[in-house]
Student: 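For reference, the structure I am asking about is given below.
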Amino acid sequence: MSHEITSNRRHIVLGILAHVDAGKTTLSESLLYLSGAIRRQGRVDHGDAYLDTDSMERQRGITIFSKQAQLSLPDFGGLDITLLDTPGHADFSPEMERTLSVLDYAVLVISAPDGVTGQVRTLWRLLAHYHIPVFLFVNKMDQPGMEPDPVLKELSGSLDTACIPLPDTDPEHFDAETAEALAVCDDRLLEQYLELGQVPSTSEIAALIAARKLFPVYFGSALKNTGVDTLLRGLSRYTAEPALSGTFSAKVFKISRDAAGTRLAWMRVLSGTLYAKMEVTVSGTQRSQDAPSGLDASTPPTLKVDQLRQYSGDSFSVPREAPAGQIVCATGLDTVSAGQILRNGAKTGQPGNSPEAGAAARRPGSSPEVDVAARRSDSLPKVSETAAMLSESLQRRSVSEQLILPVFRSAILLTDDTDPVTALHNLKLLQEEEPMLGVEYDPRTKQISAEIMGEVETEIIRNLCEKRFGMSISFGPPSVVYRETIAAPVEGVGHYEPLRHYAEVHLLLEPAERGSGITFDTNLSTDALPLNWQRLVLSSLMSVHFRGVLTGSEITDLHITLIGGRASEKHTEGGDFRQASIRALRQGLMSAESILLEPWYRFEAEIPQDAIGRLMSDIQRMDGRLDPVGGDGVRAQVTGFVPAAETGDYAAEVRAYTHGTGQISFSLSGYEPCRNSGDVILKAAYDPASDLEQPADSVFCSHGAGVTIPWNEVRRYMHVDTGWHPDTQQTSGGSLQIDSRQENGQQAFSSQWRRSQTAEKKSWLQQQRDIHAGEEELRRIFEQTYKGSSWSTPLHDPANDFPDDSAGLWSRDGSLERSAGLPAGSGKDSPDGPDRQRPSQRRGTDSGHAGSGSSAREDYLLVDGYNIIFNWPELRELAAVNLDSAAGRLTEILSDFQGTQSGRLIIVFDAYKVHGGKRHIIHQGTVDIIYTKEAETADSYIMELTHTLAKKGNVTVATGDGIVQMIIFSAGARRMSAGELKDRVNEAKKKIRDRYHI
């Protein structure tokens with residue numbers, strides 16, 4: 001059966017989403033049946049559903065691959081729908097999320113007996129993130145005991161108060177309760193309703209839905225076709241077609257293969273018209289769709305579309321063209337991948353190249369708004385504002401990054417007769433269809449591995465390998481997928497100059513916001529490096545998935561800016577800048593303070609009230625964090641965050657100890673600093689210097705031959721000096737000291753940009769200098785007292801020094817060598833230098849503390865109580881009246897503050913003048929209050945306690961006494977001033993107020 005959408009009707013792309021077994025595919029069958037697209041309604045449990053076309057789907061009774069169907073609804077307001085049925089199982093969530101980027105509207109199916117499950121909440125957050133208008137269909141209302149009111153109450157409480165049932169009639173016939181509920185969704189409509197009694201019109205309701213201010217709710221049973229026709233009439237009344245205009249562009253959201261093995265690229269045409277045999281250019285990658293500001297990364301490749309197909313189930317038509325708004329797949333695009341954008345690549349005069357191409361331009365003189373209105377039925381509202389809103393949201397979603405990512409990796413085990421090279425090739429073909437598979441080959445261990453979402457996905461992959469390639473595989477135990485980033489800005493340099501080649505690249509690497517991925521930019525004059533070479537540098541960086549230097553895990557949350565470079569008119573070739581770019585980025589990573597990140601889940605649990613203690617205890621044992629507990633006294637709703645590595649099969653454990661009455665769901669919330677980076681780094685045993693695919697060393701030409709210079713020595717040999725340095729200082733006039741080579745024009749760098757960098761990214765040390773007027777004097781005293789260390793590095797920091805001798809001082813950024821008056825890297829050649837046996841050079845950072853031990857280290861905050869009191873004005877005033885009251889108030893403030901922190905808080909009060917007094921300790925959860933004994937000052941006790949705790953944990957001491965700060969720093973502790981402690985307390989209070997709208 002072939003269903004081709006005509007071009008003179010109103011058309012939307014509608015996605016069906018639900019938790020597994022909620023009836024999503026059954027609803028799709030009902031929609032197809034009622035629209036006349038199919039003559040007989042199939043059933044999932046019978047294995048004959050129209051959209052479950054794969055044998056594995058029919059066997060399992062679940063949707064694995066997203067499917068497309070075409071619905072033509074002349075009896076429902078002249079609406080045409082491209083229906084996309086998405087997977088409901090959590091293991092296939094990435095496939096579902098890729099579909100969201102091309103939707104106009106979504107129907108979220110809720111199972112009435114199950115209510116709002118954790119997976120439903122995850123889908124709701126995704127729909128909100130992509131700003132997709134939502135209709136809700138509450139399914140299985142035919143089951144005994146199902147009533148609308150309890151379901152509505154749960155939807156309103158768990159999802160949004162704007163989940164409102166809409167009667168199956170025109171708005172002018174709505175009852176007062178419904179009219180008032182709709183008016184409350186918008187201030188202007190509420191004002192009209194209160195002053196004039198005016199009920200929102202059809203077009204106003206459509207605008208509310210498009211703006212996600214209203215979520216219509218419909219009830220029924222998809223299996224019995226009850227309530228589905230009401231949903232169809234609601235879609236016909238309250239949806240608008242997006243106003244898509246302009247030259248051709250399309251978003252590729254899926255790659256698949258048909259039964260004959262032909263590669264299909266599925267796409268949504270965002271503007272213009274796509275023709276068969278049309279040439280298109282490809283831009284964007286899965287990692288980053290956006291080109292750097294003001295700069296195209298490179299000349300995009302040009303490909304030619306062979307055949308267009310428009311599917312409905314298993315059958316398809318072969319249209320000659322696809323106007324804006326359509327979902328089609330194309331053959332011939334063998335190198336495009338999901339997430340990429342296609343644009344017009346044809347030469348002048350070919351179809352689709354002129355501005356008149358597209359559905360709107362086939363009628364001369366028509367504007368997009370007029371065209372949209374003309375393609376609607378006359379009885380429908382003309383809502384051009386809503387159409388423009390939908391179009392803007394669709395365009396914005398087309399360049400969004402995916403949020404759902406696998407957090408576990410498993411080794412792929414091959415049978416003895418399977419060729420590893422062939423296996424790797426076949427798995428890479430599967431990765432085209434599932435980009436999140438992340439297939440990798442480790443040349444050290446000769447091992448192939450893949451990133452996975454869960455056990456069901458691994459079984460599907462095994463079946464696909466057997467079915468398509470006749471290849472038998474199995475999966476090893478899963479391990480956590482780590483990521484890496486850096487702690488502070490650093491300049492990476494790379495040089496590539498073997499005989500008759502030349503390129504030099506300087507990159508500024510800056511830590512970016514968590515979850516931002518990798519972004520690129522340039523801040524370099526074309527006089528210093530021509531634009532074509534700048535494009536080549538950035539395109540080379542975009543094409544490589546860089547590994548970190550701690551464990552070889554993928555780099556993330558990094559902003560890369562090209563700030564320097566040089567080419568040779570005679571010798572430079574394109575590949576030279578690729579080599580120099582890779583070396584520059586890796587050299588920067590080797591020089592930086594790296595942070596190992598681990599994935600964290602957000603969990604949502606609904607359990608009986610008497611099981612809440614067990615759940616909270618388990619989450620705390622997993623090092624998780626709990627939100628305030630909600631519930632009705634019978635059942636509790638508990639949410640929070642927990643490291644992914646700790647969860648295991650905890651969902652089954654919850655079902656077991658609640659006897660099947662409780663449930664918990666997990667969804668990826670992001671990456672945070674790894675709690676046990678030392679152990680992970682040791683286990684990975686990754687040696688970044690031996691990574692030949694991503695080298696950090698540079699190649700220079702000496703006496704007619706290429707010479708390799710190690711990464712930690714390469715900076716002194718560079719031909720370009722950008723002038724960037726983390727400790728760059730400004731002159732009294734506000735300008736920067738510029739190297740003479742810059743003044744000669746070899747490197748023109750923006751001093752205003754550099755000033756903003758140094759001003760906005762002050763180090764913690766620089767902030768302390770602003771607070772303490774005597775900081776420089778303390779620095780000189782410290783460095784004269786403790787030779788071989790620096791004020792910014794604790795004396796006994798195990799990440800950067802060797803306690804046995806000072807001759808072997810070596811650090812990746814050269815800080816220790818500089819502090820000892822030695823040239824950078826000088827310790828590398830010493831007998832006890834970096835070649836000395838040590839666990840992966842202890843390159844990690846635990847929660848911001850460099851060089852934590854091989855096991856998890858607890859955090860301790862020691863507070864000099866009376867010192868803080870007399871440094872905080874409000875407490876100082878209270879102490880003048882009653883010192884005990886001031887001490888009590890400080891304890892209250894810090895106890896509240898500790899509730900938002902991890903680790904232990906220890907408040908020390910002087911009692912040395914109390915005759916016969918003994919040391920007294922009061923335990924209050926994670927807060928310890930200590931009163932010193934007779935003749936023992938708080939300062940002396942804090943210094944004694946610091947030396948003890950620093951051996952097993954990360955210690956921070958809060959005091960306003962500069963001398964005490966200097967002394968405790970020698971024990972490896974961190975300093976915190978009274979002012980900084982107050983700032984952190986106030987910041988914690990603000991976060992709580994913002995979070996709970998206090």
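Residue numbers start at 1 and run along the sequence shown. Everything numeric here is computed off the predicted structure, so don't read it as measured data.
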Student: Nearest 0.5 Å please: distance from the OG atom of S449 over to the CZ atom of R409.
Tutor: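 Between S449 OG and R409 CZ, I get 4.0 Å after rounding to 0.5 Å.
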
Student: Return the minimal non-hydrogen interatomic distance between A584 and V505, and the atom names on each side.
Tutor: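 Here A584 and V505 meet closest at CB-O, 3.6 Å.
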
Student: Can you tell if the side chain of T572 reaches within under 4.5 Å of the side chain of H501, non-hydrogen atoms only?
Tutor: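 No - every pair of side-chain heavy atoms lies 4.5 Å or more apart.
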
Student: Answer with yes or no whether the side chains of T551 and E484 bring together a donor and an acceptor at under 3.5 Å.
Tutor: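 There is such a pair (donor and acceptor under 3.5 Å, judged by atom type) between the side chains of E484 and T551.
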
Student: Check whether any side-chain N or O of Q587 sits under 3.5 Å from a backbone N or O of V493 as a donor-acceptor pair, and report yes or no.
Tutor: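 Answer holds: yes.
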
Student: Mark yes or no for whether K251, through its side chain, and S101, through its backbone, hold a donor-acceptor pair below 3.5 Å.
Tutor: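 Side chain of K251 to backbone of S101: no pair is present.
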
Student: Which label fits Y502 and H719: parallel for a plane angle under 30°, tilted from 30 to 60°, or perpendicular past 60°?
Tutor: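 The rings of Y502 and H719 lie parallel, inter-plane angle below 30°.
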
Student: What's the shortest heavy-atom distance between G548 and Y686, and which atoms?
Tutor: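 Taking every non-hydrogen atom into account, O-CE2, 3.2 Å.
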
Student: Nearest 0.5 Å please: distance from the CD atom of E554 over to the OG1 atom of T485.
Tutor: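 It is 11.5 Å, given to the nearest 0.5 Å.
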
Student: Looking at every non-hydrogen atom in both residues, tell me the closest pair between Q340 and V282 and how far apart they are.
Tutor: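 The answer is OE1-CG1, 3.2 Å.
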
Student: Assess, by modelled atom type and distance only, whether the side chains of T519 and H559 contain a donor and an acceptor separated by less than 3.5 Å.
Tutor: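 T519 vs H559: donor-acceptor pair found between side chains.
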
Student: Can you confirm whether V699 sits close enough to H495 that some side-chain heavy atom of one is under 4.5 Å from a side-chain heavy atom of the other?
Tutor: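 Not in contact.
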
Student: Any ion pair linking R500 and E573 (charged N to carboxylate O, less than 4.0 Å)?
Tutor: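 No salt bridge links E573 with R500.
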
Student: Any side-chain heavy atom of F546 within less than 4.5 Å of one from I582?
Tutor: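 Yes. Closest side-chain heavy atoms under 4.5 Å.
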
Student: Compare every heavy atom of Y482 with every heavy atom of V680, then report the nearest pair and how far apart it is.
Tutor: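 Smallest interatomic distance, heavy atoms only, reads CG2-OH, 3.4 Å.
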
Student: F577 vs L538, test: side chain to side chain contact (heavy atoms under 4.5 Å, CB included). Steps then yes/no.
Tutor: CA-CA 10 Å; F577 270 103; L538 293 174; over 6 Å; no

Student: Would you check if the side chain of S581 reaches a backbone N or O of S540 as a donor-acceptor pair within less than 3.5 Å?
Tutor: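 Judged by distance alone, no pair lies under 3.5 Å.
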
Student: Sub-3.5 Å donor-acceptor pair from the side chain of S539 to the main-chain atoms of L536, do we have one?
Tutor: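 Yes; at least one donor-acceptor contact below 3.5 Å.
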
Student: Are any of the side-chain nitrogens in R514 or E672 under 4.0 Å away from the carboxylate oxygens of its partner?
Tutor: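 Judged by the 4.0 Å cut-off on N to carboxylate O distance, R514 and E672 do not form a salt bridge.
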
Student: So, are D691 and R547 salt-bridged, with charged N and O less than 4.0 Å apart?
Tutor: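 Here D691 pairs with R547 in a salt bridge, since their nearest N and O are under 4.0 Å apart.
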
Student: Indicate the ring-plane relationship of F700 and Y717, choosing parallel, tilted or perpendicular according to the 30° and 60° boundaries.
Tutor: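 Plane angle between 30° and 60°, so tilted.
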
Student: Is it true that S698 and R583 share a donor-acceptor pair across their side chains at a distance under 3.5 Å?
Tutor: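 No, S698 and R583 have no side-chain donor paired with an acceptor closer than 3.5 Å.
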
Student: Please determine whether the number of non-hydrogen atoms from other residues, nucleotides or ligands lying under 6.0 Å from atom CG of L499 exceeds 12.
Tutor: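 Yes - once you tally the heavy atoms of other residues, nucleotides and ligands closer than 6.0 Å, there are more than 12.
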
Student: Is there a side-chain hydrogen bond (donor to acceptor under 3.5 Å, both in side chains) between E432 and S337 once you walk through the steps?
Tutor: CA-CA 7 Å; E432 293 180 355; S337 60; over 6 Å; no

Student: Between the main-chain N or O of G515 and the side-chain N or O of D557, is there a donor-acceptor pair closer than 3.5 Å?
Tutor: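 Flag set: sc D557 to bb G515 pair under 3.5 Å.
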
Student: Mind running side chain to side chain contact (heavy atoms under 4.5 Å, CB included) on L585 and L541 for me, showing each step along the way?
Tutor: CA-CA 8 Å; L585 194 143; L541 293 171; 3.9 Å; yes

Student: Taking the side chain as everything from C-beta on, heavy atoms only, tell me whether T722 gets closer than 4.5 Å to E491.
Tutor: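 Yes, close enough: below the 4.5 Å cut-off.
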
Student: Side chains of P498 and C701: closer than 4.5 Å at any heavy-atom pair?
Tutor: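 SC-SC contact between P498 and C701 ruled out.
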
Student: Is it true that E97 and Y130 share a donor-acceptor pair across their side chains at a distance under 3.5 Å?
Tutor: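 There is such a pair (donor and acceptor under 3.5 Å, judged by atom type) between the side chains of Y130 and E97.
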
Student: Less than 4.5 Å apart, side chain to side chain, heavy atoms only: is that true for L270 and F248?
Tutor: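 No, every pair of side-chain atoms sits at 4.5 Å or beyond.
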
Student: Just how far is it from atom CZ of R715 to atom CG of D721, taken to the nearest 0.5 Å?
Tutor: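 Nearest 0.5 Å value for the CZ-CG distance: 9.5 Å.
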
Student: Is E980 paired with R984 through a side-chain N to carboxylate O contact shorter than 4.0 Å?
Tutor: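 Yes, charged N to carboxylate O under 4.0 Å.
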
Student: Determine, stepwise, if the pair T561 / L507 fulfils side chain to side chain contact (heavy atoms under 4.5 Å, CB included).
Tutor: CA-CA 6 Å; T561 305; L507 303 173; over 6 Å; no

Student: Side-chain contact test, heavy atoms from C-beta onward, threshold under 4.5 Å: evaluate it for V280 versus T302 and give yes or no.
Tutor: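 SC-SC contact between V280 and T302 ruled out.
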
Student: Where do R578 and S543 land on the side-chain hydrogen bond (donor to acceptor under 3.5 Å, both in side chains) test, with the steps shown first?
Tutor: CA-CA 10 Å; R578 177 179 175 80; S543 65; 3.0 Å; yes

Student: Can you tell me how far apart CE (M436) and CD1 (I404) are? Round to the nearest 0.5 Å.
Tutor: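 If I round to the nearest 0.5 Å, the distance is 10.0 Å.
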
Student: Would you confirm whether S677, through its side chain, and L596, through its main-chain N or O, come within 3.5 Å as a donor-acceptor pair?
Tutor: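 Pair absent, no side-chain N/O of S677 close to backbone of L596.
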
Student: Does L529 offer a backbone N or O that forms a donor-acceptor pair with the side chain of Q534 under 3.5 Å?
Tutor: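 Yes, because the side chain of Q534 sits within donor-acceptor range (under 3.5 Å) of the backbone of L529.
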
Student: Looking only at atom types and distance, does a side-chain atom of R343 sit under 3.5 Å from a main-chain N or O of S249, one as donor and one as acceptor?
Tutor: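 Side chain of R343 to backbone of S249: no pair is present.
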
Student: Please check if the side chain of Q694 supplies one atom and the backbone of H545 the other of a donor-acceptor pair under 3.5 Å.
Tutor: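 Pair found, side chain donor or acceptor close to backbone of H545.
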
Student: Could you measure the distance from the CE atom of M718 to the CD1 atom of I709? Nearest 0.5 Å is fine.
Tutor: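 One gets 9.5 Å once the value is rounded to the nearest 0.5 Å.
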
Student: Closest heavy-atom contact between I595 and P673?
Tutor: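 Heavy-atom minimum between the residues: CG2-CB, 4.2 Å.
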
Student: Please report the shortest heavy-atom distance between L562 and G564, naming the atom on each side.
Tutor: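 Closest heavy-atom pair between L562 and G564: CD1-O, 3.4 Å.
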
Student: Can you measure from CD1 (I560) to CG (L508) and round to the nearest 0.5 angstrom?
Tutor: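 Here the interatomic distance stands at 10.0 Å.
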
Student: When you measure from the side chain of E593 to the backbone N and O of A488, does any donor-acceptor pair fall under 3.5 Å?
Tutor: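 No, the answer is negative, given that no donor and acceptor are paired below the 3.5 Å cut-off.
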
Student: I want to check something: taking the side chain as every heavy atom from C-beta on, are T556 and Y671 in contact at a cut-off of under 4.5 Å?
Tutor: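 Answer no - side chains too far apart.
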
Student: Is there a side chain to side chain contact (heavy atoms under 4.5 Å, CB included) between W711 and S591 once you walk through the steps?
Tutor: CA-CA 8 Å; W711 67 268; S591 303; 3.8 Å; yes

